[in-house]
Amino acid sequence: MVDAVSSQFQGVPIKAVFGGFHLVGGLPVLNTMAGSRREVEGIGEEMLKYPIKKVYTGHCTGPKAYRVLKGVMGDKLEYLPTGASVEV
Ligand SMILES: [Fe+2]
């Protein structure tokens, strides 16, 4: 999705990306992660290659993967809980 937007609007910064990474590994959902730590870190590193100001992600990223991504992406990644609002 991000790659398609970047290709279509080359050189234009992306203010925000909203979306889940679907990285919950299975049941129980609280401490599982689809993929290895290194694979999830790679997703974060890949996202940092794009001119994105902020990525807001939700529950389907999963708390474990969120922590790994946060370690890679830092301030560029924020959790977006149900009911939250964001001004872009
Ligand atoms: Fe999702």
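Here the structure is a predicted model, which is why all the values come from computation and not from measurement.
Residues V86 and I52 fall into different hydrophobic clusters, defined by Ile, Leu, Val, Met, Phe, Trp and Tyr side chains chained together at heavy-atom separations under 4.5 Å. Grouping the Ile, Leu, Val, Met, Phe, Trp and Tyr side chains by contacts below 4.5 angstrom, directly or via other members, places I43 with Y50.
Under the ring-ring contact (aromatic ring centres under 6.0 Å, His included) criterion, Y79 pairs with Y66, sequence neighbours left out.
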Practice problem: Could you give me the CA-CA distance, side-chain angles and deciding distance for V72 and V40, then say whether side-chain contact (heavy atoms from CB on, under 4.5 Å) is met? | Solution: CA-CA 9 Å; V72 173; V40 174; over 6 Å; no
Quiz prompt | Test log, rule side-chain contact (heavy atoms from CB on, under 4.5 Å), inputs L48 and K76 | solution = CA-CA 8 Å; L48 292 177; K76 294 227 176 208; 4.0 Å; yes
Self-check item: Verdict with supporting geometry, E78 and K70, side-chain contact (heavy atoms from CB on, under 4.5 Å)
Solution: CA-CA 8 Å; E78 294 295 334; K70 187 74 173 168; 3.5 Å; yes
Practice problem: For side-chain contact (heavy atoms from CB on, under 4.5 Å), just list the numbers for V55 and L69, CA-CA rounded to whole Å, side-chain angles, deciding distance to a tenth of an Å, and then say yes or no. | Solution: CA-CA 11 Å; V55 175; L69 289 169; over 6 Å; no
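The pair R37-E41 meets the salt-bridge criterion, since a charged nitrogen lies less than 4.0 angstrom from a carboxylate oxygen.
Using modelled atom types, one side-chain atom of S6 and one backbone atom of V2 make a donor-acceptor pair closer than 3.5 Å. The main-chain N or O of D75 is found under 3.5 Å from a side-chain atom of K54 such that the two form a donor-acceptor pair.
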Ignoring hydrogens and angles, write down the donor-acceptor pairs under 3.5 Å from the side chains of residues 7-21, residues two or more places apart or on other chains.
residue, atom, partner, partner atom, Å
S7, OG, D3, O, 2.9
Q10, NE2, S7, O, 3.4

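To the nearest 0.5 Å, the span separating CE on M33 from CG on L23 amounts to 8.0 Å. The distance from atom CG of L77 to atom CZ of R67, rounded to the nearest 0.5 Å, is 13.0 Å. Summarising the geometry, atom OG1 belonging to T61 is positioned 7.5 Å from atom NE2 belonging to H22; distances are rounded to the nearest 0.5 Å.
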